[in-house]
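Read the structure below first, then the notes.
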Amino acid sequence: MKKVSENLLDNKGLDIRLKILRGGAILYCKSCTQKIDEDSKFCKYCGAKVTNEIKADVDGIKLKNIFHGIYITLQSNSQYTKEEFDEDFDCFKNYENKVFSNNDFYKILVDVVFYSGFKASTVEKYLRVIHSYFDDYKKVLKYNKEQVDIIKNDSNMIRNRNKIDACIKNAVKLEQIINKYGSVQNYINSFNPNLSDECLLRLKNRLEKDFSFIGDTTSYHVMTDIGLNVLKPDRVILRIFYRLGLLDNETDLFGAVKVGRSFSLILNLPIRYIDIIFVSYGQLNLAKLECICSEKNPKCYKCGANVYCNYANQVINRGF
């Protein structure tokens, strides 16, 4: 059986996948993954021709079972009630194509810069102080050398000079972009990132070029947080997808994005929600949550998806 990253979203051909959900037929364009009308002849987003061929994906059942098992395991081993868990996580279902202000975008950049390369639990201890200094790009533009030195020497701050300098440089760049395009939203829209993967990757490359401390993985993080059809393929996501046999290796960033889209399509759930569930499943030291799929000594015996996991099968064969 082909892996999901090859089978569901390989962008070869322009056929449309059919999914039966809650009693209705929902069509998605295989080329750009947008939802389209059932009687469409062409995708209104990317122009792909809709053929009459409807393909049933055996792997769709596998993906549903994997996600259900992970969701149940994460929730049942947490300190949340079912209702509390859903209340906290459901906010991640509202990221798609969201409208954001210039300053919203700046604050996303700030968070991405500081989370980059650091454990989330470490950054979260300093977020209040980070946000007190970098909550408004217009304020940051006015910082003088003395004020910057105070930030860099604040014992309550993450005193990483490169990250602090990046946030200041990004405020300057942001103002230049706003002056040129009118708004950051216009800047993002100018790439038509929802039109095709090619357009999305052009935006990705431009973000890396325009902003400091934004690289191969963190550019996906930015695009995830502004509601585009991607997830952040960080070490946790790559590790879990690889262990489940959904990726051939732990370095295939865009392959992980495709797998995330596959889950999103099959489950009719926003990709940002898919992202946060999997990240929470494999990230250490999150409040109220138990890390199941950790890098070292994962709790395979607890995992509701272990029947699909290559890593768990190896552990089981050796004996827990």
Side-chain angles (χ1 to χ4, degrees), residues 19-24 26 28 35 60-100 104 107-108 111-112 115 119-128 131 221 224-237 239-241 243-244 246 256 259-295 297-309 312:
K19 177 174 57 168
I20 304 300
L21 184 68
R22 297 172 186 165
I26 300 174
Y28 291 88
K35 187 187 296 185
I61 298 173
K62 174 182 175 181
L63 293 187
K64 286 183 180 180
N65 290 342
I66 286 173
F67 189 82
H68 180 72
I70 284 176
Y71 169 87
I72 292 297
T73 306
L74 184 65
Q75 187 276 317
S76 61
N77 286 279
S78 73
Q79 297 174 32
Y80 290 99
T81 64
K82 173 70 166 57
E83 292 73 21
E84 290 170 341
F85 184 91
D86 288 339
E87 183 178 353
D88 262 21
F89 281 84
D90 278 359
C91 65
F92 293 97
K93 295 179 179 179
N94 301 314
Y95 273 67
E96 282 186 318
N97 300 313
K98 67 179 181 180
V99 177
F100 51 88
D104 288 338
K107 289 191 284 188
I108 288 171
D111 284 354
V112 170
Y115 274 106
K119 291 182 179 178
S121 57
T122 299
V123 178
E124 285 165 4
K125 296 175 184 177
Y126 297 92
L127 273 182
R128 184 183 62 81
H131 290 164
H221 192 172
T224 299
D225 281 356
I226 62 175
L228 297 181
N229 191 28
V230 299
L231 47 64
K232 180 194 173 190
D234 61 10
R235 287 174 292 181
V236 174
I237 291 285
R239 178 174 71 242
I240 294 176
F241 285 177
R243 287 177 174 178
L244 288 167
L246 303 176
V259 173
R261 288 176 178 176
S262 299
F263 276 107
S264 178
L265 293 180
I266 292 296
L267 296 161
N268 197 34
L269 289 170
I271 195 167
R272 184 66 178 91
Y273 184 76
I274 302 296
D275 176 274
I276 192 62
I277 293 296
F278 277 104
V279 167
S280 300
Y281 203 66
Q283 198 165 81
L284 294 168
N285 303 319
L286 294 180
K288 294 188 175 183
L289 295 173
E290 181 177 358
C291 178
I292 304 297
C293 194
S294 53
E295 182 177 5
N297 303 315
K299 301 178 177 68
C300 299
Y301 61 95
K302 287 187 176 184
C303 179
N306 60 20
V307 67
Y308 298 102
C309 181

Intermediate values then yes/no, side-chain contact (heavy atoms from CB on, under 4.5 Å), Leu74 and Phe278: CA-CA 9 Å; Leu74 184 65; Phe278 277 104; over 6 Å; no
Is [X] reaching over with its side chain to a backbone N or O of [Y], donor-acceptor style, under 3.5 angstrom?
{"X": "Thr73", "Y": "Gly304", "result": "yes"}
{"X": "Arg261", "Y": "Val230", "result": "no"}
{"X": "Arg239", "Y": "Cys293", "result": "yes"}
{"X": "Ser264", "Y": "Gly260", "result": "no"}
{"X": "Asn306", "Y": "Cys300", "result": "yes"}

Who passes side chain to side chain contact (heavy atoms under 4.5 Å, CB included) against Glu84, sequence neighbours left out? Tyr80, Thr81
Only counting residues at least two apart or in another chain, list the ones meeting ring pair (Phe, Tyr, Trp, His ring centres under 6.0 Å) with Tyr71.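 If we apply the ring pair (Phe, Tyr, Trp, His ring centres under 6.0 Å) test to Tyr71, skipping adjacent residues, the hits are Phe85.
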Please list, chain by chain and in numerical order, all residues satisfying side chain to side chain donor-acceptor pair (under 3.5 Å) with Lys93, sequence neighbours excluded. Asp90
Pair Asn65, Tyr308: side-chain N/O donor-acceptor within cut-off below 3.5 Å: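 On atom types as modelled, these side chains qualify, holding a pair under 3.5 Å.
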When you check the side-chain N and O atoms of His131 and Asp111, is any donor under 3.5 Å from an acceptor? yes
Fit a plane to each ring of Phe92 and Tyr95, take the angle between them on a 0 to 90° scale, and name the class: parallel (under 30°), tilted (30 to 60°) or perpendicular (over 60°).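 Parallel: the ring planes of Phe92 and Tyr95 meet at under 30°.
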